[in-house]
Amino acid sequence: MNKEAIKEKLKNQKIETPSWGYGDSGTRFKVFHQAGAARNVYEKIDDAAQVHKYTGVTPSVALHIPWDMVDDWKELKEYAGDKGLKIGAINPNLFQEEEYKLGSLTHPDADIRKKALDHMYECIEIMKQTGSKFLSLWLADGTNYPGQGDFRARKHRLEETLKEVYQELEDDMKILIEYKFFEPAFYSTDIGDWGMATFLAKKLGDKAKTLVDLGHHPLGTNIEQIVAFLIDEDKLGGFHFNNKKYADDDLTVGSINPYELFLIYNELVAGGADTDPDVAYMIDQSHNIKPKIEAMIQSVINIQEAYAKALLVDREALKEAQLKGDVVLAEETLLSAYRTDVRPLLESVREEMGLDPDPLKAYRDSGYAEKIAQERD
Ligand code: PSV
Ligand code: MN
């Protein structure tokens, strides 16, 4: 691919940031307050607009319901629009109600399943009013002890309730099914891995896809292979970017294993998913150690660098080496792209987009962090 084509792709890259990444958050043990943290969805949109202002590639914000509930969705959509942003994925919250202790869409009690379903319908209504195209489902349902639940009965209830939800989706809407192998349930999770998520998505139909959250796999999982598999099955719905060391750590994407992020992008480019508008590229991080907006800008830069390096891979040479069984040359082909310093390339891309070549420094110099710290506290 020539340099101009690579630059074009980098200019068109889109990454969604999460509303919950701008408000106060914490660990399992405490929520920490940060001076200037967004206090409501309007302030979250203001902060997301800052990330877009300096990176130029984050034009949408994911919302979590009811955390971001408002009375007037049209007004919120306009508010975001005025800041150059769109409302992105709508994330139903089926994990914070007392009734959901033993499950939501899989709960044995039909009344509780109905409550969960009603919340899903409410989210689809919000999608209609905000113009969102993605219903992004993460289900906390699962069991903590052997014998607590009947695996097959729970599976059947999940299939039935998701079928009801699927029927309510408009033609251009998608439901993204996220999986996680543990937490908050520790013995079994109802959608525990990409296989379960994809089985469900296959049963539902073309509007259902699988969402890969990088923090939701057991240690050692080959995520890039899962990504390749999903692309090949036309079931890759999107990402929740973050990074992990041990569990669902929600660390800055690319901070622990940048090579893994590159290898994931290598599969996205190889499979053509990098330019597929139906794949939702989203960050799922909520920082309490780093300043939130800076952490988000840093995450975006890490993703851009991984993508740029993946675009540099000599695919012909790679294929040839693979077919010849030249393992060393195949690996070196990847490493040669990975070791390239793509920062000058991204700097010139940003300049051509009318942006500062150093988004993090430009944001730091802007005084926005000091301003919100004063205004919001
Ligand atoms: C769950 O761990 C998750 O990854 C889901 O995407 C949630 O919606 C998100 O984190 C925020 O809690
Ligand atoms: Mn997630």
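Atoms within each ligand, like the ligands themselves, are counted from 1 in listed order.
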* Asked: With a 4.5 Å limit on heavy-atom distance, are the side chains of I283 and V300 in contact?
  -> yes

* the Mn ion (ligand 2) is nearest to which N, O or S atom of E178? -> OE2

* Asked: Backbone, side chain, both or neither: what part of D250 comes under 4.0 angstrom of ligand 1, heavy atoms only?
  -> neither

* Would you please classify the geometry between the F182 ring and the F186 ring as parallel, tilted or perpendicular, with 30° and 60° separating the classes? => tilted

* Basic-acidic side-chain contact under 4.0 Å: K115, E99 -> yes

* Give the residue, atom name and distance (to 0.1 Å) of the protein heavy atom nearest atom 11 (C) of ligand 1. => W20 NE1, 3.7 Å

* Going by the atom numbers of ligand 1, which of them fall below 4.0 Å from some non-hydrogen atom of H240? -> 6 (O)

* To do: Could you tell me the residue and atom name of the protein heavy atom closest to atom 4 (O) of ligand 1, and the distance to it rounded to 0.1 Å?
  => D284 OD2, 2.8 Å

* Asked: Does D206 CG have over 12 foreign heavy atoms under 6.0 Å away?
  -> no

* L158 versus D141: any side-chain heavy-atom pair under 4.5 Å? -> no

* Considering only heavy atoms, does E183 approach ligand 1 within less than 4.0 Å through its side chain, its backbone, both, or neither? -> neither

* Asked: Which residue and non-hydrogen atom of the protein lie closest to atom 8 (O) of ligand 1, and at what distance in Å?
  -> H64 NE2, 2.9 Å

* Asked: Should the pair K9 and Y307 be classed as cation-pi, given the thresholds of under 6.0 Å to the six-membered ring centre and 45° from the axis?
  -> no

* **Geometric cation-pi criterion K309 and F262, 6.0 Å radius, 45° cone** => no

* Output yes if D213 passes the N/O/S-under-2.8 Å test against the Mn ion (ligand 2); output no otherwise. => yes

* Contact flag H216/the Mn ion (ligand 2), N/O/S atoms, threshold under 2.8 Å -> no

* Between W67 and F95, what is the ring plane arrangement, given parallel below 30°, perpendicular above 60°, and tilted in between? -> perpendicular

* Asked: Of the options D68, D284, N91, which is the one that meets W20 in a side chain to side chain donor-acceptor pair (under 3.5 Å)?
  -> D284

* Nearest-contact summary for atom 12 (O) of ligand 1 - protein heavy atom, Å -> W67 CH2, 3.9 Å

* Asked: Looking only at distance, does K180 have an N or O less than 3.5 Å from an N or O of ligand 1?
  -> yes

* Asked: In the protein, which heavy atom is nearest to atom 5 (C) of ligand 1, and how far is it?
  -> E178 OE2, 3.5 Å

* Return the name of the atom in H240, of element N, O or S, nearest to the Mn ion (ligand 2). => ND1

* Write the atom name of the N, O or S atom in D284 that is nearest the Mn ion (ligand 2). => OD2

